[in-house]
Amino acid sequence: MDSKQYKEIIRPFLSDKRFRHSVYVAEECVALASRYGVDEKKAETVGLLHDIMKELPKEEQLKMLEESGIILTDEERDTPKLWHAKCGYLYMKQVLHIEDEEMLHAVLYHTTARADMTQLDKVLFVADYISMDRDYEGVEKLRDFARESLDRTVLEGLIFSIQSLTAEHRTVHSDSIKAYNWAIKHFDL
Ligand SMILES: [Fe+2]
Ligand SMILES: [Fe+2]
């Protein structure tokens, strides 16, 4: 399938704003993939698909997870914002019949990150932070990092996210903490 077909697949699920976001993330994915030697086609595809289930009502997301036998941890149950990543993974697998584990996992972990991230995981994680539609304070700093080092940008993204969550007394998923601990131990910064 090409990017035009993937755009047609995601379009009915998303508002104009989220559709644009997905296209911009895909463009950023391609730019990062080309800079850091990652498969550009896979990067573009996960960029387009990563938020496909984001606007599905929360009850339907929960139902989808339950029907697929996915057991949520307490912290995941408390954080509905994270559900769409698991649902996106399921949709890719069950409906689109995508079998490429690397692509499936990039979408599955795009919100939390994880330890032992692949290069494709990192590309999507970073692209989601710095895509053209993002305008939060600090985004330019992350874009600068992304020109220098993919690993450094992953780490800075994790720090940004963990700091924002803790500042608001919100749950930090254990995968994000594991990703942070893994990053500071293994990245050559
Ligand atoms: Fe997302
Ligand atoms: Fe996103």
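Just so you know, residue 1 is the first one in the sequence shown, and it goes up from there. As the structure lists them, so they are numbered: ligands from 1, and atoms in each ligand from 1. Treat the numbers as computed from the prediction; the structure is a model and nothing was measured.
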Is the Fe ion (ligand 2) under 2.8 Å from any N, O or S atom of H110?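 It does not; every qualifying atom lies at 2.8 Å or beyond.
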The Fe ion (ligand 2) - name of the N/O/S atom of D128 that sits closest to it: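 In D128, the heteroatom (N, O or S) nearest the Fe ion (ligand 2) is OD1.
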Check all N, O or S atoms of D51 and name the one closest to the Fe ion (ligand 1).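 The closest N, O or S atom of D51 to the Fe ion (ligand 1) is OD1.
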Does V46 share a hydrophobic cluster with Y24, counting links as ILVMFWY side-chain heavy atoms below 4.5 Å and allowing steps through other members?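 No: no chain of side-chain contacts under 4.5 Å links V46 to Y24.
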Establish, from distance only, whether the side-chain atoms of H105 and D121 form a donor-acceptor pair under 3.5 Å.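 No, D121 and H105 have no side-chain donor paired with an acceptor closer than 3.5 Å.
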Whether the H84 and Q61 side chains hold a donor-acceptor pair (N or O, under 3.5 Å, no angle test) is what I'd like checked.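 There is no such pair (donor and acceptor under 3.5 Å, judged by atom type) between the side chains of H84 and Q61.
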Think R152 forms a cation-pi with F187, using NZ or CZ under 6.0 Å from the six-ring centre and within 45 degrees of its axis?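 Relative to the ring axis of F187, which defines the angle, R152 lies outside at least one limit.
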